[in-house]
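Just so we're clear, the structure is a prediction, and the values are computed from it rather than from any experiment. Residue numbering restarts at 1 for every chain, and letters A, B, ... go by the order of the sequence lines. Computation of the quantities below employed the complete heavy-atom set of this structure, encompassing side-chain atoms and omitting hydrogens, waters and symmetry-equivalent molecules.
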Amino acid sequence: MKDKRLENIDISAFQEDLISWYLENKRHLPWRENNDAYRVWVSEIMLQQTKVDTVIPYFNQFMEKYPTVYDLAEADQQDVLKQWEGLGYYSRARNLQTAVREVVASYDGEIPDDPKQLGSLKGIGPYTKGAILSIAYNQPVPAVDGNVMRVFSRVLLMEEDITQASTKKLFESYVGEMISKEDPSSFNQAIMDLGATICTPKQPLCMFCPVMEHCQAYAEGVQENLPVKKKAKKQRKEQYIALLIQNQEGKYIIEKRPDSGLLAGLWQFPMIPEDDIVKNDWQSWIEEHYDLDVDISESCTSIKHVFSHIIWHVDVRKATTNHKTAEDSRLRFVSLEELNQYPFPVSHQKMIPFLEEK
DNA sequence: AAGGCGGGGAA
DNA sequence: TTCCCAGCCTT
């Protein structure tokens with residue numbers, strides 16, 4: 001009962017061509033040194049929406065600091081966020097630690113190889129579940145991400161919009177049919193390597209493709225038009241004023257962001273939404289929100305920071321205060337050296353060079 | 001189904 | 001500029 005789309009594919013030959021190419025040409029990556037489930041897990045979380053070259057140094061440092069699930073389970077969340085600093089999507093770090101603690105508490109520290117148990121852990125969705133099951137436990141489960149959808153949209157000449165949830169399920173069904181039952185680990189990783197190095201979004205290197213003769217899009221000459229993907233919405237703009245507030249001891253005021261939402265749990269310099277300033281003056285806004293008395297001086301720099309869904313424009317100003325402590329528990333007075341202990345988003349790291357010793 | 005959630009590099 | 005990357009969670 002083969003699907004129409006699979007009728008033209010010799011699945012055995014496809015698997016053979018793909019896997020033999022992979023075994024000859026696979027990339028040597030830190031998380032491929034062995035198939036330890038914890039290492040696979042950490043790498044797959046870091047690799048979500050993030051390029052391999054970005055992940056490598058973070059992965060090495062993270063594994064050195066937290067070599068086992070027990071080390072990560074016992075760690076302080078602020079330290080874990082500090083390790084994640086600059087990598088983005090910080091809920092990944094918080095969810096990973098939540099899940100690791102669950103593994104220690106409920107599974108005696110053994111990462112489950114049961115699809116239901118594994119998939120119920122925080123932060124492990126369909127893709128990551130498939131990646132861990134196939135790579136660490138050699139189970140023939142699809143692991144469909146953007147990379148895999150690109151490759152198979154071309155091999156099978158599929159024109160469905162890959163931003164649709166229904167399309168992803170369709171791909172999971174096809175990959176489930178095509179995955180090697182003998183070596184699912186190599187099959188899934190081969191697709192990833194193929195998508196990263198040959199079957200690229202623009203100008204794919206079809207001449208070097210090990211499965212070129214199985215590719216329906218190549219046969220039709222339409223590989224450059226696939227996959228079909230709906231355009232993303234544009235980001236909204238937000239204006240802020242950030243304050244580098246120094247007291248007479250030379251310490252600066254930093255503020256902890258809320259435990260949920262954007263950049264949750266990270267630290268920043270106090271920041272005022274510019275919309276609020278038109279109605280009030282700055283002093284009273286700061287008085288009202290932080291219970292602080294500050295003297296604001298000139299603008300020292302202006303920062304533009306782009307998120308996936310927002311663009312921040314931040315006017316950065318120096319300021320002074322006579323306070324030595326703050327009532328507000330979100331606030332802390334820190335020296336320049338102490339500042340390094342706190343996880344900061346990249347947007348606010350850009351302000352640190354404008355701080356001065358005193 | 002749609003939107004929130006970071007940051008970087010390639011073209 | 002635009003794309004998009006080894007996605008998941010919440011609403």
Side-chain angles (χ1 to χ4, degrees), chain A residues 26-27 29-32 39-59 81 84-96 98-99 119-136 142-151 161-169 171-172 175 185 187-197 199-204 224 227 229-236 238 257-258 260-266 268 303-312 343-350:
Chain A
K26 67 173 156 188
R27 292 176 290 174
L29 303 169
W31 46 90
R32 287 181 174 171
R39 290 169 65 86
V40 174
W41 184 7
V42 171
S43 70
E44 291 299 342
I45 299 297
M46 287 187 170
L47 285 161
Q48 288 169 10
Q49 298 291 291
T50 312
K51 291 248 191 347
V52 164
D53 289 342
T54 305
V55 167
I56 289 173
Y58 283 91
F59 176 82
L81 286 174
W84 213 269
E85 183 184 63
L87 197 53
Y89 285 145
Y90 299 93
S91 66
R92 291 183 295 176
R94 291 183 283 112
N95 291 340
L96 175 60
T98 300
S120 70
L121 294 171
K122 204 81 176 162
I124 298 187
Y127 166 77
T128 306
K129 181 173 71 174
I132 294 173
L133 291 175
S134 61
I135 298 171
V144 175
D145 65 343
N147 228 334
V148 174
M149 286 195 283
R150 181 173 60 257
V151 172
D161 178 0
I162 64 167
T163 66
Q164 297 299 304
S166 56
T167 304
K168 191 178 169 189
K169 294 198 177 219
F171 276 104
E172 282 166 349
V175 176
S185 169
F187 183 94
N188 278 345
Q189 295 186 82
I191 298 292
M192 298 170 195
D193 276 23
L194 188 65
T197 62
C199 197
T200 48
K202 305 202 167 155
Q203 300 179 334
E224 301 256 15
K229 187 175 182 180
K230 192 177 59 189
K231 269 200 192 169
K233 278 180 56 183
K234 283 182 71 175
Q235 302 101 321
R236 67 175 183 272
E238 293 182 357
R257 294 182 61 90
S260 64
L262 183 65
L263 304 169
L266 275 69
Q268 65 178 19
I303 285 168
K304 178 187 177 186
H305 192 82
V306 179
F307 299 91
S308 48
H309 57 308
I310 307 172
I311 299 178
W312 274 5
F344 266 61
V346 168
S347 49
H348 282 251
Q349 287 177 38
K350 294 174 185 169

Donor-acceptor pair between A/Tyr127 and A/Glu44 side chains, under 3.5 angstrom: yes
Is A/Ser91 touching bases, backbone alone, or none of the nucleic acid, heavy atoms closer than 4.0 Å? nothing
A/Val55 near the nucleic acid: base, sugar-phosphate alone, or nothing, with a heavy-atom cut-off under 4.0 Å? nothing
Please assess A/Arg92 against A/Thr50 for the test side chain to side chain donor-acceptor pair (under 3.5 Å), listing each intermediate value before the final yes or no. CA-CA 12 Å; A/Arg92 291 183 295 176; A/Thr50 312; 3.2 Å; yes
Determine the contact category for A/Leu87: base if any of its heavy atoms lies under 4.0 Å from a base atom, sugar-phosphate if only primed atoms, P, OP1 or OP2 are that close, otherwise nothing. base
Using the P atom on both, measure B/dG6 against C/dT10 and round to a whole Å. 14 Å
Side chain of A/Arg150 - closest among B/dC5, C/dA6, B/dG3: C/dA6
Which residue, A/Val306 or A/Asp53, contacts DNA chain B at a nucleotide closer to its 5' end, judged by nearest heavy atom? A/Val306
Take the protein atom CD of A/Glu172 and the nucleotide atom P of C/dG7, then report the distance between them rounded to whole Å. 13 Å
Under 4.0 Å between any heavy atoms, over every strand shown, what does A/Phe307 touch: base, sugar-phosphate, or nothing? Just pick one. sugar-phosphate
A/Lys229 has a side chain; which of B/dG4, C/dC5, B/dG3 sits nearest to it? C/dC5
Which of C/dA6, B/dG7, B/dA2 is nearest the side chain of A/Arg27? It is C/dA6
What heavy-atom pair brings A/Arg32 and A/Arg27 nearest, and what distance separates the two atoms? NH1-O, 3.0 Å
Which part of the nucleic acid does A/Leu194 contact within heavy-atom distance under 4.0 Å: base, sugar-phosphate only, or nothing? nothing
Using a cut-off of 4.0 Å on non-hydrogen atoms, how would the nucleic acid contact of A/Ser308 be classed: base, sugar-phosphate, or nothing? base
Of A/Gln189 and A/Gly123, the one whose closest nucleotide on DNA chain C sits nearer the 5' end is A/Gln189
Tell me what A/Gly261 touches on the nucleic acid: a base, only sugar-phosphate, or nothing, going by heavy atoms under 4.0 Å. sugar-phosphate
Name the closest nucleotide to the A/Pro201 side chain, picking from C/dC4, B/dA2, B/dG7. C/dC4
Under 4.0 angstrom, heavy atoms only, what part of the nucleic acid is A/Arg32 near: base, sugar-phosphate, or nothing? base
Please classify the nucleic acid contact of A/Trp31 as base, sugar-phosphate, or nothing, using heavy-atom distances under 4.0 Å. base
Sticking with atom P, work out how far C/dA6 lies from B/dA11, rounded to a whole angstrom. 14 Å
Using a cut-off of 4.0 Å on non-hydrogen atoms, how would the nucleic acid contact of A/Thr128 be classed: base, sugar-phosphate, or nothing? sugar-phosphate
Which is more 5' along DNA chain B, the nucleotide nearest A/Ser260 or the one nearest A/Ala165? Just name the residue. A/Ala165
Report yes or no: do A/Gln235 and A/Ser308 form a side-chain donor-acceptor pair below 3.5 Å? no
